[in-house]
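Heads up: the structure comes next, in structure tokens.
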Amino acid sequence: MATGYTKMKLSPQQLQRRRRIVDPVQRAFEAGQLAEAHALAIAGRKKLPGDAQLHLFLAAVAERTGDFEQVRHHGRKAGGQGPNGGAYAVLSRLERRAANTELALEYCDKALELVPGDVPLRIHRAGCLEEAGRTDEARAVVDEMVAELEGRGIPLTPHLRFEQAKLKVQDKDTNEALEIIDGLTEDTAAPLELRTSAWHLRAKALDRAGRYNEAFEAATQGNGHDAKPFDPDEYERETSAIIEMWSKANMATFPESSCESEVPVFIAGMPRSGTSLLDQIIHAHPVGAGVGELDTLERFFVQAMAAYKPEAPEGKQFGSLNRFKWTRAAEDYVREVDKMSPGAERIVNKAIGNTRIAGLLARLFPKTRIIHIRRDPRDVAISCYMGAFNNLAMPWTTKLDWVAHAFAQSERLLAHWKSTLYVPILEVQYEELVRDPGTQLPRVIEFLGLDWDDACKTFYESKRTLRTLSYDQVNRPLYTSSAGRHTNYAPQISGKDYPANP
């Protein structure tokens, strides 16, 4: 973890006291004892209120556990104590994850002003540039670092080699890319997460080179490194429970917010089905915007589900989460996205969880619109399997059979919402979208209640980037080569139980 670079004027006695508080937090964090590090940092803040380093440890623990709201909170608290390279670094990583690449670069540059020689920060900057489509700049940073380290006889770090390989893949230098990647996958000193990513990068390079059997094997290796337990039957039971709870009869008794905003729009669909593409197209409209996969409402859904008591009287099934709090949650969300995209009349959220929480979305925003994008389930399965997902959140992506099962449950949910919700739901077929954009793009924009604008056709010219596996694809014109991608993997996908092609 990057340390705090804020300079503090402390007496020897104060410095010794501070070390007694901060050092145990650092030892626990470095030992991977995140819960203990968090508890010690919270306790330490009572004795050292506002201490930047304690806030940084709390931000780092939150980053490891995926609580990105707390990352932002503690990162900003640390930075509020004065120029702090560690705070800028953690905020840069956060904004990169959220696809706010320009802001990520801004924070990174602030950190580098304080620690100009910091190798991890410079590598991070190269990654931001590559994801922003600024490959020439990224290459310049990587080449400079490679020359510098080799000139000093210092081995290249695994993360630098990974960024080097990513650029080689972009340049279609397959053999050179594979040479670097193979070195990473065999480097037991490299972090497991990085080696897993290297396997998936190998799959990407081989897929682009048309070496499909080898690409599938590389993806299999990557998924094996990061496989998480998944119970298809339990997943189906969870889907059934949502359908049962959010029936038309039950929803009629649930709280409904009085939020009148038409700004929120939601995209529902499986990952790798074209959600990022739709987001980018809508964002290109002069009064449209996208906020990526904002999970604010998913957190409210978790609260609501935990509070739900079906036996309670009508209007009180959610305890203290009454209609006034539902309204407040809705209006807070509108303010949040308005702040992110001021002036936009329609702001789309493409969170993967939208499919499961569509009933809640309709009760929070009675005037919302939902777009359901579908894609051939075989293409979805191959794209999920070949990509490097957050397998903790979506463990079903690591096996083709599991993807088929998740797809079937997604279809069940969308069929349920279409038969029970009063808000409009537009169905878009990915294959039709890429083959006939002249018809499909105006159809989407009309559904949103907006006038057509030709900027939607040139969505790829936007400097905005998305944190998606296809970030280097949604920033170029529409193409049809991904439709029917599964045919390249016919032997691997043969005999799998996929729903009929929609």
Quiz item: Are side-chain N/O atoms of Arg19 and Gln16 paired as donor and acceptor at under 3.5 Å?
Solution: no
Quiz prompt | Short N-O contact, Glu131 and Lys166, less than 4.0 angstrom | solution = yes
Exercise. Check Gln170 against Thr135 and note the closest heavy-atom contact, atom names and distance.
Key: NE2-CG2, 4.4 Å
Exercise. Show your reasoning for whether side-chain contact (heavy atoms from CB on, under 4.5 Å) applies to Leu48 and Arg18.
Key: CA-CA 8 Å; Leu48 296 173; Arg18 182 176 179 277; 3.8 Å; yes
Quiz prompt | Verdict with reasoning, Phe318 to Trp326, per ring-ring contact (aromatic ring centres under 6.0 Å, His included) | solution = CA-CA 10 Å; Phe318 294 92; Trp326 285 47; 5.2 Å; yes
Quiz item: So Arg412 and Ser240, side chain to side chain donor-acceptor pair (under 3.5 Å) or not? Walk me through it.
Solution: CA-CA 9 Å; Arg412 282 183 67 203; Ser240 297; 3.1 Å; yes
Quiz prompt | No-hydrogen, no-angle side-chain donor-acceptor test under 3.5 Å, His159 and Glu163 | solution = no
Quiz item: Can you name the closest pair of heavy atoms from Arg161 and Leu156 and give their distance?
Solution: NE-O, 3.6 Å
Quiz item: Are side-chain N/O atoms of Arg96 and His124 paired as donor and acceptor at under 3.5 Å?
Solution: yes
Quiz item: Do Ser410 and Arg356 have side-chain atoms, one donor and one acceptor, less than 3.5 Å apart?
Solution: no
Quiz item: Minimum heavy-atom separation for Pro24 to Ile21, with atom names?
Solution: CD-O, 3.5 Å
Quiz item: Looking only at heavy atoms, what is the nearest atom pair of Ala198 and Thr185, with distance?
Solution: CB-CG2, 3.9 Å
Quiz prompt | Arg195 side chain to Glu186 backbone, donor-acceptor under 3.5 Å | solution = no
Practice problem: Taking side-chain hydrogen bond (donor to acceptor under 3.5 Å, both in side chains) as the test, write out the residues that go with Arg328, two or more places apart. | Solution: none
Practice problem: Grab the two heavy atoms, one from Leu167 and one from Arg139, that are nearest each other, plus how far apart they are. | Solution: CD1-CA, 3.7 Å
Quiz item: Checking ring-ring contact (aromatic ring centres under 6.0 Å, His included) against Trp402, which of Phe407, Tyr385, Phe230 comes through?
Solution: Phe230
Quiz item: Is Arg323 atom CZ crowded by more than 12 heavy atoms from other residues, nucleotides or ligands, each under 6.0 Å away?
Solution: no
Quiz prompt | Tyr88/Asp109 under side chain to side chain donor-acceptor pair (under 3.5 Å): CA gap, chis, key distance, verdict | solution = CA-CA 9 Å; Tyr88 295 145; Asp109 288 343; over 6 Å; no
Quiz prompt | Check ion pair Asp118-Arg122 (N to O, under 4.0 angstrom) | solution = no
Quiz item: Can we say Asp338 and Arg335 salt-bridge, meaning some charged N sits less than 4.0 Å from an Asp/Glu carboxylate O?
Solution: no
Exercise. May I ask you to decide if the ring planes of Phe365 and Phe266 are parallel, tilted or perpendicular, using 30° and 60° as cut-offs?
Key: tilted
Self-check item: Close side-chain approach of His74 and Leu56, heavy atoms under 4.5 Å
Solution: no
Quiz item: Is Glu193 atom CD crowded by more than 12 heavy atoms from other residues, nucleotides or ligands, each under 6.0 Å away?
Solution: no
Quiz item: Below 4.0 angstrom, N of the basic side chain to O of the carboxylate: do Arg237 and Glu234 qualify?
Solution: yes
Quiz item: Is the CD atom of Glu148 crowded by more than 12 outside heavy atoms at less than 6.0 Å?
Solution: yes
Quiz item: So Trp417 and Trp246, would you call those rings parallel, tilted or perpendicular, with 30° and 60° as cut-offs?
Solution: perpendicular
Practice problem: First locate atom NE2 of His283, then atom CG of Leu278, and finally report the distance between them rounded to the nearest 0.5 Å. | Solution: 14.5 Å
Quiz item: If you count the non-hydrogen atoms of other residues, nucleotides and ligands that lie under 6.0 Å from CD in Glu244, is the total more than 12?
Solution: no
Exercise. Identify the residue among Arg72, Arg76, Glu63 that makes a side chain to side chain contact (heavy atoms under 4.5 Å, CB included) with Leu94.
Key: Arg72
Self-check item: Gly269 versus His372, closest heavy-atom pair with distance
Solution: CA-CD2, 4.3 Å
Quiz item: Step by step, would you call Gln317 with Thr253 a side chain to side chain donor-acceptor pair (under 3.5 Å)?
Solution: CA-CA 9 Å; Gln317 300 101 315; Thr253 70; 2.8 Å; yes
Exercise. Supply the atom-to-atom distance Glu95 CD to Tyr107 OH, rounded to the nearest 0.5 angstrom.
Key: 6.0 Å
